[in-house]
Number of protein chains: 2
Amino acid sequence: MAYRQTPAVEARLQDNRSRILAAARALVSEGGWGEAQVANVAAAAGMATGTVYRYFPSKAELFAEVLSAVSQREVDVLAEIARSGGPATPRLHTAVATFVRRAMRNPRLAYALIAEPCDREIDEARLTYRAAISEVIRSIIESGREANEMRTDVRPDVAATVIVGGFMEGLVGPLSPLGRQQRRTTEAYRREVAQLADQIALMACASVAAPPSNVRRIPRRPT
Amino acid sequence: MAYRQTPAVEARLQDNRSRILAAARALVSEGGWGEAQVANVAAAAGMATGTVYRYFPSKAELFAEVLSAVSQREVDVLAEIARSGGPATPRLHTAVATFVRRAMRNPRLAYALIAEPCDREIDEARLTYRAAISEVIRSIIESGREANEMRTDVRPDVAATVIVGGFMEGLVGPLSPLGRQQRRTTEAYRREVAQLADQIALMACASVAAPPSNVRRIPRRPT
DNA sequence: ACAAGGAGTGAACGATCATTCACACTGCGC
DNA sequence: GCGCAGTGTGAATGATCGTTCACTCCTTGT
């Protein structure tokens, strides 16, 4: 054999792979799924179209990995919040508000990953992560129930799904600051986002809060 | 002039147009947007592809009209509920639960019209009707505020958007009965749907209910 | 140097569909 | 019956993109 995978080569391969992913992500982040074409990715990564296919078997798998990387990070952040101590209600509030705030840091990307029409295959990866987020929310609700903070007359999985749908829509819906792409860095924009995040989080908490009668009946101490 | 639009001809034209719309709707209702191809529509309506273009300028306009017809009906139903008398909270509950129950009568169609990935142009018509639904919900919230039934610390339009997102997701989300297409007519299925609708509606109401403290603290009269 | 074989290339291919258009057909008034 | 003009036709067109592959270019061990 006159050829072997030396570290140098392997490093280059890794680098190419990363460049492809980075280029793909950048394209989605700027132009949404419309720009997300293999030829564009190759051009942005400074290589030929065919080369992309040395690293990814198909467009769908490439972009699924992009989506996966971004989404997993968000799931991790939420899971961390869910795991932190204290009563469930503030944890839920923080989780929702944090998600909204983080998403608003890159609205175009968030829109593409959450709501923009796209290929069925990419869409499926999307569902996976939406389910993962829903699962984290469910776990918070579950713990809130155990502590008697939260209502028991709705199934936790249903409640989680509804909450996730609610904040996703609040995030990308027509009245969200998403439309006004301009002054994304101004103080006014930041305040607006913070306020929106807080309101959405408030509603999420209220939608699963135990009715007062419940709370009164069982006075308890935090764990 | 050796030709004029006789009533007989006009009737046939109208009929063709209706047949196209019906065929298009049926296709979406069975196979979603994947089946929604102009050639398929023509075949289902028993005519040639080109004929469809005598009645609709483009695929997008054709399907936008399909979506419009179905959605407008739902908006009307919700508006009727919103307009009915009584306190706002039960009206909100009824509106949400009714929407969910009605959508469940044709889950495949509902999924396509609400959530399935589709062309940008069709998607825009979708947004219009989602906004219309949101508007109806907002009006209920608004009246609930005036009657001091509902919280005043979230913007009504934000609240409406979040609620709409919540029930849409609850409707088409992974845990909805949408997946199990089978026994759509059994009693068990019907009960399941009714229960889901009720739970989603309960959450919607809770998310905008006035906290007890508010009601006590700020007894104010409507403007 | 050199051969072996992996990596890079990008023009060409092919699949999918919306859309068109030259032509045939049909109902109409004369 | 005759010819006009609206209507129906469906094969052909064209545009878009994902994917391929015959070829060249490198890297590496001898």
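Proteins come first, then strands; the chains are lettered A, B, ... in the order of their sequence lines, and each starts at number 1.
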Inset, instruction - Determine, for Asp123(A) against Arg126(A), whether the closest basic-nitrogen to carboxylate-oxygen distance falls under 4.0 angstrom. - result: yes
Inset, instruction - For Glu10(A) and dC26(D), give me the distance from atom CD to atom P, rounded to whole Å. - result: 22 Å
Inset, instruction - Begin from the C-alpha positions of Thr51(A) and Asn16(A) and carry the test side chain to side chain donor-acceptor pair (under 3.5 Å) through to its verdict. - result: CA-CA 9 Å; Thr51(A) 308; Asn16(A) 277 351; over 6 Å; no
Legend entry - Contact under 4.0 Å: Asn40(B) side-chain N or O vs dC17(C) OP1/OP2: no
Inset, instruction - Specify the separation, in whole Å, of atom CZ of Phe63(B) and atom P of dC17(C). - result: 12 Å
Legend entry - Arg102(B)/Glu74(B) ion pair, N-O < 4.0 Å: yes
Inset, instruction - Calculate the interatomic distance between Asp15(B) atom CG and dT7(D) atom P; express it in whole Å. - result: 14 Å
Legend entry - Minimum-distance nucleotide (side-chain atoms of Ser58(A) versus dG8(C), dT7(D), dT19(D)): dT19(D)
Legend entry - Thr49(A) side-chain proximity, nearest of dT27(D), dT19(D), dC17(D): dT19(D)
Inset, instruction - Apply side chain to side chain donor-acceptor pair (under 3.5 Å) to the pair Ser143(B) and Arg91(B), showing each step before the final yes or no. - result: CA-CA 10 Å; Ser143(B) 80; Arg91(B) 264 184 291 148; 3.2 Å; yes
Inset, instruction - Take atom CD of Gln14(B) and atom C1' of dT7(D), then tell me their distance rounded to the nearest Å. - result: 15 Å
Inset, instruction - Measure the distance from CG on Asp119(A) to C1' on dT16(D) and round it to the nearest whole Å. - result: 13 Å
Legend entry - Spacing between Tyr55(A) atom OH and dG8(C) atom C1', to the nearest angstrom: 8 Å
Inset, instruction - Can you tell me the distance, in whole Å, between the OH atom of Tyr53(B) and the P atom of dT13(D)? - result: 17 Å
Inset, instruction - When you get a sec, tell me which of dG8(D), dC17(C), dA7(C) is the closest nucleotide to the side chain of Gln37(B)? - result: dC17(C)
Legend entry - Side chain of Met47(B) - closest among dT9(D), dT19(D), dG8(D): dT9(D)
Legend entry - Nearest-nucleotide 5' precedence on DNA chain D, Gly34(A) against Pro57(A): Gly34(A)
Inset, instruction - From the options dT7(D), dG18(D), dT19(C), select the nucleotide whose nearest atom is closest to the side chain of Val38(B). - result: dT19(C)
Legend entry - Basic-acidic side-chain contact under 4.0 Å: Lys59(B), Glu121(B): no
Inset, instruction - Identify which nucleotide among dG8(D), dA22(D), dC17(D) has an atom closest to any side-chain atom of Arg54(A), counting heavy atoms from C-beta outward. - result: dA22(D)
Legend entry - Sugar-phosphate, base or nothing in reach of Phe56(A), heavy atoms under 4.0 Å: nothing
Legend entry - Nearest-Å distance for atom pair CZ/P, residues Arg17(A) and dG6(C): 19 Å
Inset, instruction - Give a yes/no answer on whether the side chain of Arg12(A) brings an N or O atom under 4.0 Å of OP1 or OP2 in dT27(D). - result: no
